[in-house]
**Q** 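My questions will all concern the structure given below.
In this chain, residues are counted from 1 in sequence order. These values consider heavy atoms only, across backbone and side chains, with no hydrogens, waters or symmetry-generated copies.
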Amino acid sequence: MRPSVRGIGTAGERALRFFGGHLSHAGREGAVVASGTPCDQRKTARPGLTPWTASPAELDVAQRVLAAVPGAAVPGTSELPHARVDLVDGDDGQPRGREPEPVEPPLFLSLFLHTGSMPRVVDAIIRAVAAVR
């Protein structure tokens with residue numbers, strides 16, 4: 001169970017996506033449940049999803065979150081083939097890791113793929129597949 005973080009209800013969260021241990025792209029989504037929203041009200045899964053440029057502090061937190069995932073690396077490497085790290089702002093305004101997602105189907109490549117990232121994405125996928133053969 002995750003603790004409630006006030007900022008998620010107002011500022012939403014950021015998702016940083018890594019391929020082969022390198023930041024590929026990031027997005028920001030607005031608050032899913034705003035203050036006062038009834039729990040049974042229909043909600044939008046990813047409201048206001050927009051491209052995001054991670055700050056150095058956000059990148060640092062995300063890399064520390066990934067380093068803490070035990071045994072998730074591709075055999076023979078020290079990195080995950082793919083991972084998403086969700087970040088929120090703490091009460092002090094500083095980024096906090098919300099959760100690592102080493103497996104997630106929606107990659108949002110068409111929305112957020114930064115220039116030059118596609119070869120890194122393809123290489124990370126090929127290396128991961130070759131490692132489990």
Side-chain angles (χ1 to χ4, degrees):
M1 191 133 171
R2 298 180 287 198
S4 176
V5 178
R6 223 176 315 189
I8 200 164
T10 55
E13 64 183 323
R14 281 90 64 213
L16 281 62
R17 295 191 178 275
F18 293 81
F19 284 90
H22 301 280
L23 178 66
S24 172
H25 54 287
R28 180 192 171 282
E29 61 185 62
V32 174
V33 180
S35 179
T37 302
C39 65
D40 60 349
Q41 179 177 323
R42 191 172 182 88
K43 297 160 190 77
T44 303
R46 291 187 167 83
L49 188 60
T50 57
W52 183 259
T53 300
S55 72
E58 290 172 329
L59 186 55
D60 178 63
V61 169
Q63 288 171 329
R64 286 188 285 134
V65 167
L66 291 178
V69 176
V74 172
T77 74
S78 61
E79 67 212 20
L80 294 163
H82 165 265
R84 184 189 88 206
V85 177
D86 291 343
L87 304 174
V88 296
D89 289 333
D91 289 341
D92 60 0
Q94 295 301 307
R96 300 283 183 262
R98 184 154 169 80
E99 64 184 329
E101 292 278 352
V103 177
E104 177 173 60
L107 301 176
F108 303 108
L109 293 175
S110 62
L111 285 176
F112 303 124
L113 194 61
H114 293 196
T115 305
S117 292
M118 187 57 81
R120 184 179 301 136
V121 171
V122 170
D123 182 60
I125 292 169
I126 290 171
R127 287 184 17 222
V129 169
V132 295
R133 283 187 158 179

**Q** Which residues pass the salt bridge (charged side-chain N to carboxylate O under 4.0 Å, His left out) test with Arg14, sequence neighbours left out?
**A** Glu58, Asp89

**Q** Does the plane of the ring in Phe19 sit parallel, tilted or perpendicular to the ring in His25? Use 30° and 60° as the thresholds.
**A**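 Parallel: the ring planes of Phe19 and His25 meet at under 30°.
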
**Q** Rounded at 0.5 Å granularity, tell me how far CG in Leu16 sits from CZ in Arg28.
**A** 13.0 Å

**Q** Which heavy atom of Leu23 sits nearest a heavy atom of Phe18, and at what distance?
**A** N-CD2, 3.4 Å

**Q** Taking side chain as C-beta onward, heavy atoms only, is Glu101 less than 4.5 Å from His82?
**A** no

**Q** Would you give the length of the straight line joining atom OG of Ser24 to atom CZ of Arg84, rounded to the nearest 0.5 angstrom?
**A** 14.0 Å

**Q** Between Val61 and Pro95, what is the shortest heavy-atom contact and its length?
**A** CG2-O, 3.7 Å

**Q** Could you tell me which non-hydrogen atom of Leu87 sits nearest to which non-hydrogen atom of Ala62, and how far apart they are?
**A**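 Heavy-atom minimum between the residues: CD2-N, 4.4 Å.
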
**Q** Might you point out which heavy atoms bring Gly12 and Val88 nearest each other, and give the distance in Å?
**A**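 That closest heavy-atom pairing would be O-CG1, 4.1 Å.
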
